[in-house]
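Let me begin by presenting the structure, written as structure tokens, before commenting on it.
Residue numbering restarts at 1 for every chain, and letters A, B, ... go by the order of the sequence lines.
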Amino acid sequence: MGIVVFFLAAFLAIVSALAVVSQRNPFVSALGLLGNLVSLATLMLLLDAQFVAAAQVIVYAGAIMVMFLFVIAYVGPRGEIGPGTRKPWQVVLAVVAGLLVVTQIVLVVWTTDFGKPSSIDDAFGGPGAVGQAFVTDYLLAFEGVSVILFMAAVAGVILGAGARPKRLTTDQVLAKEGEAEARRRAASRAAIEAAREAEPGEAR
Amino acid sequence: MITATTLITVPLIAGIVILIVPFAQRLAGYLALLVALGMVGAVAGFVYRFEPMAGYQFGDDAEWIPQLGIRWSVALDGVGLAMAAVTALVVACALGYGLWAGRDRTHATFGLILITEAFLFLVFAARDLFVFYVGFEGMLIPLLVLLAVWGGEDRRRATVQVVAYTAFGTLLMLVAILWLGLTAPNGPDFSMAAAVGRGNDLVFWAFALAFAIKSPLFPLHGWVLPAYRQSSPEVAAVLSGVASKAGGFAFLAVLVPLFPEQSARYAWLFIALGLIGFLWGALLAFRQPDGRGVIAYSSIAQMSFVVLGIFLLNAQGSTGATFQMVNHALVSAALFLLAGWLETQAGSGDFRKLGGLARSRPILATVALVLGMAALAVPGSSVFASEFLILLAAFADAWWLGTIASIGIVLAAMYMLRWISAVLHEREGDLVGQLRPPDLRSGALLAVLPLALALIGLSVAPAQLTERVDPSSQMMVSGAYGEKEAR
Amino acid sequence: MTGLVWTALALPLAGAVLLAVLGTRLPARGAGWLASLVMLAAFACSAIATVMLATRPHEERAVVQTAWTWLTAGSFQVGLDIWFDELTAVMLLVVTGIGFLIHVYSIGYMKGDEQERRFFAYLNLFVFSMLLLVVAGDLVLLLAGWGLVGLSSYLLIGFWHQKPSAIKAAKKAFVMNAIGDVGLALGIFLLFIELGTTAYQGVFAGAASLDSWTATAAALLLLVGALAKSAQLPLHTWLPDAMEGPTPVSALIHAATMVTAGVYLIARMNPLFHAAPYALETIVVIGVLGLLMAGAIALVQTDIKRIIAFSTMSQIAYMFVGVGLGAYWAGIFHLFTHAFFKALLFMGAGIVIHALHGEQDVRNMGGLRSVMPKTYFCMLIGALALVGIFPLSGGFSKDAILSSALEVGTPLAWVAYIGGLVGALLTGIYTFRLMFLVFHRRMSPYAEAVAPKAVKHHGEGPSSMLWPVYILTLGAAVVGFLQIPGLTHVFFDWLEPIAPAGMVEPSAVQEWLTTLIAVSIGVAGIAIAGHLYLRENDAPERMRLGRGRLIDHALEHRLYWDDLYEVAFERPAQWLAAFLRRDVDRPVAGWLPTDGLGTLTAFLGRSISVIENGVVRSYALVIALGVAGLLLALLVRAA
Amino acid sequence: MSVGLPFYLSVSAILFAIGLVGVLLRRSPLTTLLSLEVMLNSVNLTLVAFSRQVGGSDGQVFALVVMGIAAAEVVVGLGLVVAMTRREMVLDTDELRSMSG
Amino acid sequence: MIEAPNVDVLAIAPEISLLVGASLVLMVAAFLRGRDRGVGVVIGIAAFAVSAGFAIAAWGDAPTVTIAQALQVDQLTQAVRILVAGCGILTLLVALGWPRMREAGAEYAAILLFAATGMTLIAGSNSFVTLFVALELFSISLYVLCAFDRSSKASLESGFKYLVLGTIGSIILVYGAAFLYGATGSFQFDGVAAGLAEAEPGAWLVVLGVVLVLAGLLFKIGALPFHMWVPDVYEGAPTSVTGFMAAATKIAAFVALARVLAEPLAPVRDTWEPVLVVVAVATIVVGNIAALVQDNVKRMLAYSSIAAAGFGLIAIIVGGEAGSRALLFYLAAYAPMAIGAFAVITLHERDHHGITTLESIRAWGFARPFAGLAMVVFLLGFAGFPLTAGFLGKFLVAGSAVESGWAWLAVVGAIGSVIGIAYYLRVILAMYDRSARSGVHAAGAPGLASVSIAIALCLGLVIAGGVLPGIGIDWAGEAARVLAAGR
């Protein structure tokens with residue numbers, strides 16, 4: 001039973017991941033990611049990590065995916081860039097790199113003797129156990145993540161918030177300064193020229 | 001109390017102040033000149049108070065970076081004092097010339113020259129390897145800026161060449177210094193005294209390479225010609241007159257005492273290179289198309305000769321080498337000032353466009369002749385005295401060595417005469433005819449004259465210098481000499 | 001006494017410095033008088049000092065005094081020493097005495113030259129150098145004087161520096177002399193290494209203890225210096241060219257004083273040469289060859305001063321023969337008399353040249369006897385003295401040398417004797433060829449156009465030029481009486497103490513015999529010259545004895561010595577220098593470590609920039625490959 | 001027979017590689033961000049799998065942390081995409097190379 | 001009952017100050033909407049100052065581990081806190097010179113404070129979880145800061161690139177941490193160390209974890225082959241941010257790397273040492289050579305910072321007390337030079353109204369004497385010339401290498417420095433190119449005074465660190481003892 005579920009979920013995870021990276025339409029890719037993370041949640045359930053699996057679905061499907069979809073909708077068709085690449089060597093080397101990574105890791109994990117999985121109690125993987133770890137041993141990480149999320153929120157506002165009225169780009173600001181500068185210089189140059197003409201003897 | 005530290009701090013601080021504060025051009029010049037003359041006075045005081053047999057004097061020794069065993073340890077012995085004295089004089093004259101010639105942004109040039117002077121004093125007075133390195137590398141900066149900013153047309157390339165050579169040498173030396181200082185038996189200790197005899201071959205070569213480049217010793221002289229040609233006259237004077245002496249001085253005062261065993265073992269190589277360089281420089285000087293080229297290659301020849309003298313490891317060789325460095329400092333500084341003056345006045349240093357300048361320019365002719373004759377070591381001159389000592393030492397080492405080296409003397413006569421006649425004599429060149437350069441007068445004359453007078457003074461009584469230098473220079477080579485005798 | 005010597009040494013230096021410093025503030029005429037006055041004072045000092053020396057007992061006549069230590073390093077020490085003895089005194093008198101006369105002569109000769117002050121400054125400098133050379137009590141100091149003499153000679157030869165030929169000649173002289181200086185210096189090194197000192201006292205005392213090879217080597221090295229300075233084979237080529245200088249210079253430097261320094265050196269170093277018989281023999285050989293060669297070349301020269309110059313070379317070769325035979329006194333004696341008559345000849349030639357507005361080619365002269373009788377007379381005396389006609393000075397001194405060869409009697413000495421006599425014949429021919437071409441025959445068109453007018457306006461010359469000539473004429477006539485065989489013995493007696501090992505002295509019979517032969521030969525030479533040149537013909541400059549064009553050509557080209565040096569040394573050196581500069585130094589030392597490396601690193605840098613292409617997924621690719629690569633390497637290593 | 005740890009790790013490795021290759025091949029910034037999410041997910045799987053193996057909750061906690069951070073990173077990433085869109089930049093990472101060399 | 005972990009508030013007071021400062025800034029910004037946002041910057045500076053004050057006050061306290069083994073508060077942490085706070089203050093001063101600050105200064109300050117918090121936390125992290133969280137805190141903040149100039153395409157581009165690549169780096173790091181967790185059963189540093197000590201040497205799983213963790217950290221310090229992001233990001237980011245990244249990020253990432261190598265990964269030194277040696281050499285060589293051909297000054301400095309990272313890696317490889325001390329001093333010395341140099345570039349961008357290239361900076365040194373001179377000092381400091389802090393930094397690093405048998409690495413570093421001198425000189429040459437007329441007139445604009453203050457402060461630090469480095473060395477030594485004791 002577990003075996004069947006595992007392989008099914010694993011297969012789905014891989015297929016959906018492939019869909020994510022191969023689809024031209026980012027919308028479809030996003031849906032692929034959804035499938036991927038649900039499959040992964042299933043695998044996590046198999047690993048007795050109920051809370052993480054739940055969080056996976058809630059956080060990703062509830063938050064991240066929504067954000068993605070909003071932005072994809074906002075960007076619209078401009079976000080569609082085909083998989084076709086203009087650099088053949090990039091493809092070859094990318095595949096080589098991917099294969100190298102995967103074969104090496106697989107080789108390592110299959111040659112390593114991990115021993116038997118530890119025995120676990122019922123609480124393992126439940127919200128209680130994970131939550132307790134979170135507020136005791138990993139309090140700092142917990143707080144850290146919250147700070148990061150806070151910061152990300154601020155950042156989101158800065159980066160994505162509605163345009164402020166009549167905001168000049170930096171280049172424009174600089175250009176404006178430059179124009180003022182140039183005017184000033186032209187004026188002073190004219191003054192100098194005038195002074196020179198007035199006193200030709202002094203001119204060098 | 002005026003000590004060696006004064007020599008370093010006063011020009012350094014004054015130089016920085018003059019560099020930063022935007023003084024009026026003239027004021028900056030006079031201030032700088034005043035400081036430089038003050039240095040001449042200070043060094044003169046040292047010379048007066050100097051006790052030849054008393055070793056290092058006028059010193060200071062204080063903790064600097066105790067964590068690394070680095071001390072602010074400076075003092076002068078006979079050799080260092082001789083070099084310091086000539087440095088003070090050359091720098092003062094160069095500043096005087098610069099003041100007269102007038103440069104744009106004078107305060108910067110003068111400040112930088114004073115800073116160079118401070119670092120040079122540091123090199124000549126350092127008794128601690130770290131301090132020595134600071135001076136040795138530090139002087140490069142102001143000189144490079146002077147070359148790069150106020151140099152001639154091709155200054156960029158010249159600067160890059162200087163950097164490529166000198167930086168390479170000094171950085172390897174830095175690693176060697178670190179090794180010596182940090183592996184001292186009783187914890188980190190960078191004092192030179194603690195490093196005597198401790199180095200291995202690699203360390204020795206790292207030092208030797210740095211000094212050989214700076215000197216410059218054949219075949220590491222590639223940077224010299226562009227640097228000397230592209231610098232403004234006063235910078236060329238400082239560069240060839242005293243900055244290059246840091247290399248020669250370091251061979252004598254650092255390399256040989258610190259590595260007696262290696263110095264004795266590899267002396268033959270340095271002697272060979274010195275000999276080749278001496279002849280090489282002389283031959284090439286003979287074919288240079290302009291005055292600076294001649295002087296540059298003659299400098300290569302002379303400094304190679306100095307290295308040859310040092311590595312003979314005996315009294316005549318080392319004293320002669322020191323003396324020769326002093327002489328060459330005076331000669332080449334004066335010649336560069338003169339050549340630079342000529343270029344400015346006559347429009348070019350190219351021999352084909354010069355000539356016939358002696359006509360109705362008696363002062364120029366006299367000064368140029370005196371300097372030229374000093375440069376070719378006419379017997380009786382101070383340069384002759386120093387070359388005589390080195391050749392004597394070479395001859396004592398091996399008769400054929402002295403004999404071959406003496407060919408260089410004849411070659412020197414040939415290229416210096418070529419320079420003299422190409423500039424002063426024969427028909428007037430095109431540019432001379434068109435531009436009608438004036439006689440050597442006022443500031444330029446005043447800048448060159450002290451150097452020429454110093455040469456004449458040393459010709460009358462060279463022993464005044466050698467007596468003061470001799471005990472120190474003998475001390476410096478004594479260790480290596482012992483090793484050589486033991487071999 | 002030493003004070004006077006110091007004064008004599010210092011006076012010309014002071015004069016030179018004064019002239020240089022005062023420069024144009026001094027009236028042009030004043031310069032000459034100031035310089036001459038200085039010389040007179042120096043001569044007076046020398047004379048008084050010599051007299052004081054003469055009053056001393058024999059064994060106290062070598063005086064050494066040190067002013068200050070000049071140079072020290074380790075055990076090496078050179079004092080600013082003077083060494084005053086009989087030989088020094090002779091040289092002092094010649095240098096200051098003849099020098100004074102030539103200074104005075106120069107006042108007239110250089111009149112109107114815009115560089116007069118410079119000229120006299122140089123002259124005074126020369127005299128100082130020469131005096132330093134002769135009074136030095138240390139070999140290093142002698143070398144200093146030796147070099148300074150060369151320097152002043154350079155300055156004076158190239159005095160008219162607008163003339164490229166003059167500058168070329170000056171440079172040549174200097175370089176040749178520098179070679180000599182080097183030889184001398186090497187000899188000094190050897191002596192110092194062997195004896196531990198360079199002071200005369202120490203060298204003389206130690207010379208005997210040297211082994212013969214060392215002594216020979218040292219002597220030969222010193223000889224190199226002597227050969228260069230005295231323009232002897234094979235370092236003689238500079239002397240004829242040196243005639244580019246003003247004529248008083250030729251008289252002073254290239255006849256009376258500087259070129260004889262080699263003879264002085266050998267005589268001075270006689271204890272050393274005594275220990276090196278091979279060196280002495282070498283000197284004789286060189287002397288004989290030189291006197292013959294120079295005499296032969298003099299036969300075909302057309303420049304009046306060059307003829308005299310070759311004659312000088314030839315006469316100095318006689319002196320070499322003299323000192324080489326061990327008759328140091330004879331060599332010095334000839335030096336002494338030669339100073340008079342050769343200076344006289346040069347100065348006479350100078351008057352002629354002056355009258356002809358600078359013309360020096362004898363083909364453009366002729367018949368001047370009638371126009372310039374005084375000059376003719378004086379030069380005739382000088383010429384006869386040169387040929388050695390009894391009872392003029394040259395005869396006594398030259399015959400002293402030749403008869404010394406008889407006294408020595410070795411095969412080499414016989415060769416020297418015969419060679420000397422042949423040389424006397426040549427001397428007779430070339431000397432009177434000169435006299436006849438200049439003063440006899442028909443006037444050349446140029447001379448006719450110029451000379452009578454010039455003499456009419458100015459006389460034969462200003463009195464400042466004529467009076468020194470008269471005095472020298474007198475001297476050339478009478479100084480030989482100092483040493484009349486069998487009668488007077490002044491010169492030998494005076495110089496005897498300078499050679500501790502003794503000197504060769506011929507007997508009066510030998511001398512008289514030689515005189516007889518030599519005078520006959522000399523007269524024969526004059527007759528040949530008369531036969532060849534007194535008759536008017538179309539090619540007066542040709543020596544028609546040697547009909548073969550080859551000999552003519554060879555002699556005219558001075559036996560190809562200059563060409564030899566050019567092919568053997570100058571051109572290869574020039575080529576080598578050019579080759580090293582263009583093909584070795586610039587690429588290897590200049591380009592390779594800087595521009596070469598710079599180009600390489602810049603190329604590498606640009607290659608790296610290519611990878612840094614701005615595309616973010618390429619960057620990610622590099623990262624991925626980097627991780628995969630590191631992983632692979634470490635896994636393989638761990639396995 | 002139950003599914004062993006290596007299976008999970010292998011799946012995770014494969015997903016990691018797929019995500020990586022996605023980043024390396026895709027030019028759309030959105031897809032790039034999605035591919036990064038795939039990689040993050042694969043890491044989470046690894047963490048959870050090891051957590052099961054070790055028997056402590058540390059790995060799961062870390063996975064949660066990673067999730068949180070992934071969310072933050074997505075916010076910033078998407079914010080950037082929006083900002084780029086506003087500046088009317090072409091949404092093609094290959095065109096984002098005003099700087100190179 | 002869940003037992004709340006012991007939280008030593010005083011120990012984490014600096015971080016709290018920073019976070020409080022960030023919140024305050026954001027609140028004030030909300031109130032001041034549309035008005036002068038300089039207030040935000042002032043609060044930011046105050047927060048940094050308070051944070052540094054806490055750290056200084058706690059200097060020398062006994063090390064503690066707080067928040068349930070998550071954070072080590074020891075001398076090293078304090079040192080990083082002080083350094084980061086200093087960098088933050090200087091960066092804010094520089095940022096004031098940037099025209100955008102009038103509108104978005106508060107947000108900038110807030111995010112900078114967040115980034116700084118991440119940096120101080122990473123220095124004290126005691127587990128991979130903390131490490132990762134802290135890393136992400138400052139990384140994500142930096143992505144935002146890089147893209148902060150939303151109006152500039154280059155800025156957005158650099159932010160996006162940094163985000164993509166940085167996330168890959170982070171993922172690699174977590175992946176590695178996961179494998180180490182699998183191998184040892186712990187994320188705690190001591191747990192990992194204990195597990196690795198027991199693990200069979202050369203176990204592939206360990207190797208896998210170590211390589212991935214290293215790759216993640218090397219990415220952050222910008223070492224080869226994970227350096228690709230550095231030039232583009234440095235170039236595109238607002239210049240003040242670039243300075244902050246070059247200084248503070250480098251400090252934080254290096255300290256984190258040093259801690260990870262000294263504590264959890266100490267038992268597997270054999271595995272990572274060769275990796276780091278190869279990486280260090282490659283980084284020095286490639287960074288220096290690539291910098292040589294850059295015309296954009298910011299980009300050139302980016303490559304130079306890559307090279308500097310390679311130099312820092314030498315100290316990491318050497319490790320121990322000397323190596324760690326050298327590392328800390330080097331980083332501390334590097335910070336003011338980097339911030340100062342980028343501050344000067346900020347000034348130039350204002351003057352020039354555009355990006356800083358070798359062409360646009362031509363003759364600018366004459367127009368702005370002070371900034372030009374300061375730039376020369378900073379560049380000389382980068383190049384390692386004596387009497388600058390940079391020299392002492394390189395001196396200590398090379399010294400530690402030489403002392404512990406890694407002399408050849410020091411030589412590699414020295415050779416890299418030679419190349420370095422060449423490209424720093426290009427900038428100096430361009431700045432003082434007399435043949436060009438500066439098209440730029442020094443213009444007064446709001447905020448430039450604070451930039452000048454920042455430059456002056458950096459200059460003072462660079463020179464003080466070069467002339468009187470004793471305090472700094474002691475201080476670095478005290479902080480580094482933590483790392484030395486950990487092994």
Side-chain angles (χ1 to χ4, degrees), chain A residues 2-3 6 10 13-14 17-18 20-21 26 29-30 33 36-37 40 43-44 47-49 52 55 59 63-64 67 71-72 74-75 78-81 83 85 91 94-95 97-98 101-102 105-106 109-110 114 117-120 125 129-130 133-134 138 141 145 148-149 152 155-156 159-160 163, chain D residues 1-3 5-11 13-22 24-28 30-31 33-35 37-38 41 44-45 48-49 51-55 57-58 60-61 63-65 67-76 78-83 85-86 91-92 94:
Chain A
I3 296 174
F6 170 82
I14 291 168
L18 284 172
V20 171
V21 301
S29 290
L33 184 63
N36 178 255
L37 60 92
L40 278 182
L43 289 177
M44 287 173 179
L47 288 165
D48 301 312
V52 180
V59 173
I64 299 178
M67 250 185 322
V71 172
I72 290 167
Y74 176 79
V75 172
R78 295 173 58 195
E80 287 185 38
I81 303 288
T85 176
V91 179
V95 172
V101 168
V102 78
I105 295 176
V106 168
V109 298
W110 282 100
F114 290 101
S118 310
S119 55
I120 47 169
V130 176
F134 234 134
Y138 293 100
V145 172
I148 292 176
L149 286 169
L159 292 171
Chain D
M1 175 205 147
S2 69
V3 183
L5 182 60
F7 286 95
Y8 290 96
L9 295 182
S10 303
V11 171
I14 292 166
L15 291 178
F16 184 86
I18 291 173
L20 183 62
V21 173
L24 299 187
L25 291 182
R26 297 307 305 271
R27 291 186 283 139
S28 163
L30 287 167
T31 318
L33 289 177
L34 286 166
S35 304
E37 294 306 313
V38 172
N41 275 332
N44 273 351
L45 181 61
V48 171
S51 171
R52 175 68 192 78
Q53 175 73 16
V54 172
S57 16
D58 311 64
Q60 298 180 18
V61 172
L64 287 171
V65 168
M67 265 180 236
I69 286 168
E73 179 245 314
V74 163
V75 169
V76 174
L78 290 176
L80 278 169
V81 172
V82 171
T85 316
R86 290 235 174 118
L91 290 183
D92 177 348
D94 278 14

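Between D:Val81 and D:Leu33, some side-chain heavy-atom pair lies under the 4.5 Å cut-off. Residues A:Asn36 and D:Asn41 have side chains in contact (heavy-atom distance under 4.5 Å, counting atoms from C-beta outward). With contacts defined as side-chain heavy-atom distances shorter than 4.5 Å, the pair A:Phe134/D:Val65 qualifies. Between A:Leu37 and A:Ile64 the shortest side-chain heavy-atom distance does not fall below 4.5 Å. D:Val82 has its side chain out of reach of A:Leu159: every pair of non-hydrogen atoms, C-beta onward, lies at least 4.5 Å apart. Contact annotation: the side chain of D:Tyr8 never approaches that of A:Met44 to less than 4.5 Å [non-hydrogen atoms, C-beta and beyond].
Chosen from D:Val11, D:Ile14, D:Ile18, the residue pairing most often with chain A at heavy-atom distances under 4.5 Å is D:Ile18. For the set D:Ala63, D:Ala49, D:Gly19, the entry with the most heavy-atom pairs within less than 4.5 Å of chain A is D:Ala49. Of the listed residues (A:Val101, A:Val130, A:Val71), the greatest number of heavy-atom pairs within a distance under 4.5 Å of chain D belongs to A:Val71. Ranked by heavy-atom pairs shorter than 4.5 Å toward chain A, the options D:Ala70, D:Gly22, D:Ala83, D:Ser10 are led by D:Ser10. Here A:Ala49 is the residue among A:Ala10, A:Ala49, A:Ala63 with the most heavy-atom pairs under 4.5 Å with chain D. Of the listed residues (D:Val21, D:Leu78, D:Leu20, D:Leu9), the one with the most heavy-atom contacts under 4.5 Å to chain A is D:Leu78.
Contact annotation for D:Leu80: both backbone and side-chain heavy atoms come within less than 4.5 Å of a heavy atom of chain A. Using a 4.5 Å cut-off between heavy atoms, D:Leu15 touches chain A through its side chain atoms alone. Using a 4.5 Å cut-off between heavy atoms, A:Leu33 contacts chain D through its side chain alone, with no backbone atom that close. Heavy atoms closer than 4.5 Å to chain D are found in both the backbone and the side chain of A:Asp48. Using a 4.5 Å cut-off between heavy atoms, A:Phe114 touches chain D through backbone and side chain atoms alike. Residue D:Val38 touches chain A through both its backbone and its side chain, counting heavy-atom pairs closer than 4.5 Å. In this structure, the portion of A:Val145 lying under 4.5 Å from any heavy atom of chain D is its side chain and not its backbone.
Rounded to the nearest 0.5 angstrom, A:Ile72 CD1 and D:Leu34 CG are separated by 5.5 Å. For the atom pair D:Leu30 CG and D:Ser35 OG, the distance stands at 10.5 Å (nearest 0.5 Å). Residue D:Ile69 holds its CD1 atom at 4.0 Å from CD1 of A:Ile148, rounded to the nearest 0.5 Å.
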